[in-house]
Structure formats: C-alpha cells, structure tokens
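Below: one structure in structure tokens.
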Protein chains: 2
Amino acid sequence: MTEDERKSWLTVQDEVRRLIRQRDWKPGELIPHEADLAREFGCARATVNRALRGLADAGLLERRRKAGTRVALNPVRRAEFSIPIIREEIEGKGQRFGYRIFLREMRVPPPDVQARLQLNVAQPILYLKTLYTADSRPYVFEERWINSIAVPDVLDADFEVLSPNEWLVREVAFDGGDFTFSGVAATAEEAAILTCRVGEGLLVLERTTRHGGLMITYVRLLFHPGYQIHTRC
Amino acid sequence: MTEDERKSWLTVQDEVRRLIRQRDWKPGELIPHEADLAREFGCARATVNRALRGLADAGLLERRRKAGTRVALNPVRRAEFSIPIIREEIEGKGQRFGYRIFLREMRVPPPDVQARLQLNVAQPILYLKTLYTADSRPYVFEERWINSIAVPDVLDADFEVLSPNEWLVREVAFDGGDFTFSGVAATAEEAAILTCRVGEGLLVLERTTRHGGLMITYVRLLFHPGYQIHTRC
DNA sequence: CAGATTATTATGTATATACATAAACACGAT
DNA sequence: ATCGTGTTTATGTATATACATAATAATCTG
C-alpha cells in the first residue's frame with residue numbers, strides 16, 4: 001500500500017468491483033465517501049469520482065447527493081446490444097453478402113404502420129420487401145415502410161447499388177428509435193422466401209426510426225431459423 | 001454568443017449533437033479538436049472532453065489519438081434493455097404474480113448445458129422447471145440449471161417462498177452474463193404448459209450468469225405468445 | 001410539537017495545469 | 001522508393017482547487 005504504483009480510475013473501479021463481488025460491501029450498504037476513498041487509494045477525488053460514476057452508470061452503484069453512495073440492491077440488470085448493418089454482420093462472419101428486392105411500390109400502409117410512422121392521412125408511401133442473403137442462403141427477410149413524404153429523395157434511390165438498409169443509414173441521420181423483439185411462426189409466404197418450413201419459429205425484430213420530430217421508417221426483420229441475437233454484460 | 005450564460009458539458013453535448021443531426025458536421029468528417037471547441041464554447045478543454053467522450057461512448061463519434069474526432073459513419077446504433085426480475089415486470093403491469101414449480105431434481109445436464117456452465121465432469125446438478133404466471137395466466141416458462149457445486153446453499157433453498165429467480169438474485173452476487181434471443185415454435189410439452197397452440201411462435205431468452213470465474217446458472221425463458229421485448233434509444 | 005429555516009455534507013461540475021500515450025507525419029539512411 | 005526513427009499532435013488521464021446543488025440533519029419559531 002505504501003508503493004507508488006501507477007494509479008488510474010480503472011484501478012479504482014476494479015477494486016470497488018472486487019469489494020462488491022466479494023461482498024465486503026453488501027447490496028444496499030453505504031460505502032465510504034469519495035474523499036475517504038481518495039485518501040485510501042492515494043489518488044485525487046476526481047479520479048474516484050470518475051470510477052464511481054462509471055459504476056453507477058452501469059447500475060452497480062446508486063449515488064445521491066448528500067445521501068452518499070450505496071451498492072445497488074439488485075445488481076447488473078441491463079444489457080446492451082449493437083444493431084449492426086446487415087451487410088457488416090454477414091461480412092463479419094466471412095460470408096458473402098447479397099440481397100434481392102422482391103417488391104418496391106407505393107402503397108397505403110395499414111393502420112398500425114400508419115400509427116407507428118405518425119401519418120395522419122392515408123397516403124401511399126414507399127414499401128419494400130427485400131431478402132438479404134449470406135453465401136446465397138436466406139439470412140433475413142426485410143419488410144420496410146419508408147416515410148417518403150419526410151424523405152422524398154428515397155423515391156429516386158437506386159437500391160441496386162446500395163441496399164435500402166444502407167441507403168437510409170448513409171442518407172438520413174438517425175436520431176433514435178424503438179426496437180421490439182418477438183417470436184413468430186413462419187407463414188407460407190415467409191417460409192417460401194426464407195426456404196424454411198411453414199410454422200418454423202423465427203425471431204422478429206421490428207424497429208421504428210426517428211429523425212428530429214419525424215418518423216422515417218418502420219422495418220420488420222424476420223430472421224432465418226436458428227438465428228440468435230447475442231449480447232453479454 | 002457574448003453572453004455569460006451557464007455552461008456545462010451537457011450544453012456542449014447538445015450543441016454537438018445538433019451539429020451532427022443537422023449535418024453541419026457530416027458522417028466521417030473530422031471535427032475541430034478539443035482545444036478549439038473549448039475556445040469556441042468558452043469553456044475548459046476538460047468540459048469538452050467530457051461531452052465528446054460521452055458521445056463517443058454512445059457511438060455517435062469516433063475518436064483516436066492524434067487522428068482526432070470524427071462523426072461516426074454509421075451512427076452505430078446500440079440499444080440497451082433492462083433485465084427485469086419477472087415478478088417486478090408482472091407487478092409493474094398491475095398484474096398478480098404467481099409461479100408453480102413443475103419439477104425440481106438433480107440431473108446430469110446435456111452436453112450443451114455442461115459446456116455453458118463449464119462443467120468438466122458429467123455430474124448431476126439442480127434442474128428446475130417453473131411456470132411464472134400473471135393474473136394466473138401463463139407468462140413465461142423457465143427451465144433452469146443451477147451449478148449446485150458452485151452454490152451448494154441452493155440445495156436447501158425453499159423455493160415456495162421465493163422464486164428460483166429471486167432466490168439467486170438475493171443470494172448470489174452476479175458478475176455478468178450472456179444473453180441470447182431467438183424464436184422457436186412451441187413443442188407439445190411447452191404448448192401444454194403455456195396453454196397455447198403447438199407450433200406457435202415464441203420468443204426465447206437464454207442466459208448464462210457468471211460470478212467470479214464460476215458459471216452459476218443457465219436459464220431458458222420461453223415467453224407466452226405475443227410477448228415482446230421493447231427498448232428504445 | 002409541527003412547520004419553516006438554516007447548516008451541513010456528499011456528490012456534481014468546472015477550471016488550469018501537467019504529463020502520458022497513440023498515431024500520423026516528416027525526415028533521413030539504406 | 002522502402003524502411004525505420006523521431007517529432008508532432010490530439011486525445012487520455014491525473015491533480016488541486018473552487019464552487020454548485022441536492023438532500024439530510026439541526027435549529028429556530030409560532
């Protein structure tokens with residue numbers, strides 16, 4: 001402890017993590033305040049602050065002014081996953097990326113899609129059905145509605161060069177969105193496109209993407225059988 | 001601009017976000033370095049650093065030493081979802097929580113579970129089948145393997161009072177884990193337990209939880225038809 | 001004694017300064 | 001030209017200091 005070893009906020013963070021894991025600091029318990037820890041670790045309060053703030057963000061600690069810092073009662077309860085661009089996901093596995101647009105037309109969206117895109121008039125917008133393939137095998141079937149009123153440029157887009165997915169990522173700066181995971185059984189059409197059995201259990205990812213105040217696009221991704229979304233925390 | 005308004009790293013962050021959203025700073029483009037921004041915003045470099053670091057963590061910026069900071073090409077979308085305790089999730093919806101343990105026995109796990117739990121000997125461990133209900137209706141069917149070698153106390157646990165889920169959260173400090181989402185079609189047994197049609201598409205969440213170097217538990221959660229995991233970013 | 005007021009305290013943020021580090025860039029030798 | 005080598009530069013981190021803020025604790029007041 002008397003050594004002048006290299007300090008860093010990561011060292012502090014690891015040590016605190018260790019104390020929590022080993023139950024030296026029990027869930028719900030108040031831990032020493034920053035100034036004390038700084039003295040104990042032989043570093044500045046700012047360094048301790050950086051470390052503890054990180055752990056609080058991660059949900060391991062709960063901090064309140066004046067009240068102090070305590071170990072979270074129920075630890076780690078959030079996980080993060082990244083939403084990859086389909087091409088990158090496939091190429092990242094060393095497979096050949098491809099896609100085929102089955103349908104591209106202007107169509108009046110059904111009420112639920114109208115609601116998701118916050119369209120108040122029943123107006124035709126761009127509708128696309130695309131199959132993305134990995135090594136020529138069905139990977140994910142994408143059904144996409146694009147709010148072509150908000151993004152008129154999309155009507156001139158040549159999706160033969162750039163997939164709808166990538167075109168939008170390139171041309172429109174997204175702000176945020178909603179994601180929904182669910183499971184469904186393949187319909188006859190879906191089974192035909194994904195070349196799987198009718199009724200096979202598939203993972204569905206729906207997302208609605210926002211830019212500024214406008215809803216840009218709603219996508220329903222139907223993954224091939226056996227596909228898994230994986231994340232760790 | 002000449003005003004002495006209150007500054008903060010959040011103000012800087014918002015302004016940078018705005019510049020990116022409005023495409024004043026385009027994807028892939030290099031932005032001014034911290035010192036310049038600090039002068040421009042009339043604050044210290046540390047403040048700019050805090051703001052930009054946050055945006056980089058969020059995936060909006062990419063930073064490299066000497067190379068500078070640039071707007072991310074693909075606004076790397078990551079979403080975060082919270083892992084609720086089942087009881088809290090159900091009660092949070094104003095429904096009555098219940099559960100029923102169908103099976104509780106020592107059993108040698110199949111090879112894939114053995115691998116997940118990093119067991120190198122085929123040894124019987126605790127195996128549980130539990131149905132969680134919301135207002136008495138099937139909510140999620142849980143199949144759980146508990147590494148009772150690592151957590152011997154679990155053998156004495158009385159799951160009539162506290163569900164296996166909560167018992168583990170209370171008694172074992174988790175370190176992290178793996179999560180996998182997928183979709184499956186209900187088997188005959190699963191359909192019977194969840195009272196749905198055989199072949200119905202269901203969402204599956206598998207998770208393996210770690211504590212220290214040890215794998216504690218592997219769970220497979222099979223949600224009722226129509227269940228969705230929702231998140232936004 | 002309830003309710004308002006003030007003091008105290010732990011976290012939150014801002015600042016100037018200093019040095020560490022990674023990586024791009026220029027320069028020189030082979 | 002190619003390969004290393006050193007310089008430059010932007011980010012990354014650490015520190016002391018100062019003040020802000022929220023929430024608890026103590027005190028005053030009717």
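All chains are named by letter (A, B, ...) in the order of the sequence lines, taking the proteins before the strands, and each is independently numbered beginning at 1. The structure displayed is predicted, hence computed values, not measured ones.
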Between B/Arg70 (CZ) and D/dT11 (P), how many Å, whole number?
11 Å
To the nearest angstrom, the CG-P distance between B/Asn49 and C/dA20 comes to 18 Å
Just to confirm, is there a sub-4.0 Å distance from OP1 or OP2 of C/dT11 to any side-chain nitrogen or oxygen of A/Thr69?
yes
Apply side chain to side chain contact (heavy atoms under 4.5 Å, CB included) to A/Arg100 and list each qualifying residue two or more places apart in sequence or on a separate chain.
A/Phe102
Which of parallel (below 30°), tilted (30 to 60°) and perpendicular (above 60°) describes A/His224 and A/Tyr227?
perpendicular
Find the distance B/Leu10:CG to D/dA20:P and express it as a whole number of Å.
18 Å
Contact class for A/Arg45 vs. all strands (heavy atom < 4.0 Å): base, sugar-phosphate, or nothing?
base
Has B/Ser8 got a side-chain N or O lying under 4.0 Å from the OP1 or OP2 atom of C/dA14?
yes
Is the distance between the ring centroids of B/Tyr132 and B/Tyr139 under 6.0 Å?
no
To the nearest Å, how far apart are B/Asp57 CG and D/dG12 C1'?
13 Å
Under a 4.0 Å heavy-atom cutoff, the residues of residues 29-37 of chain A touching DNA chain C are A/His33, A/Glu34
For residues 149-164 of chain B, dump all side-chain donor-acceptor pairs below 3.5 Å to protein atoms at least two apart in sequence or in another chain.
unit_1: B/Asp158; atom_1: OD1; unit_2: B/Glu160; atom_2: N; d: 3.1
unit_1: B/Ser163; atom_1: OG; unit_2: B/Glu166; atom_2: N; d: 3.2

Expected list for residues 56-64 of chain A: side-chain donor-acceptor pairs under 3.5 angstrom, two or more places apart:
unit_1: A/Arg63; atom_1: NE; unit_2: A/Thr69; atom_2: OG1; d: 3.1
unit_1: A/Arg63; atom_1: NH1; unit_2: A/Glu34; atom_2: OE2; d: 3.2
unit_1: A/Arg63; atom_1: NH2; unit_2: A/Glu34; atom_2: OE2; d: 2.8
unit_1: A/Arg63; atom_1: NH2; unit_2: A/Thr69; atom_2: OG1; d: 3.3

Are A/Phe81 and B/Phe179 close enough that their ring centres sit under 6.0 Å apart?
no
A/Arg63 side chain N/O closer than 4.0 Å to the phosphate oxygens (OP1, OP2) of C/dA10?
no
At a cut-off of 3.5 Å, list every protein nitrogen or oxygen paired with a nitrogen or oxygen from nucleotides 22-27 of chain C, distance to 0.1 Å.
unit_1: C/dA24; atom_1: OP1; unit_2: B/Arg64; atom_2: NH2; d: 2.0

Using every non-hydrogen atom in the two residues, find where A/Phe41 and A/Val12 come nearest and quote the distance to one decimal.
CE1-CG1, 3.8 Å
Are more than 12 heavy atoms, taken from residues, nucleotides or ligands other than A/Arg23, located less than 6.0 Å from that residue's CZ atom?
yes
Sorted by chain and residue number, the side chain to side chain donor-acceptor pair (under 3.5 Å) partners of B/Glu143 (sequence neighbours excluded) come out as B/Tyr127
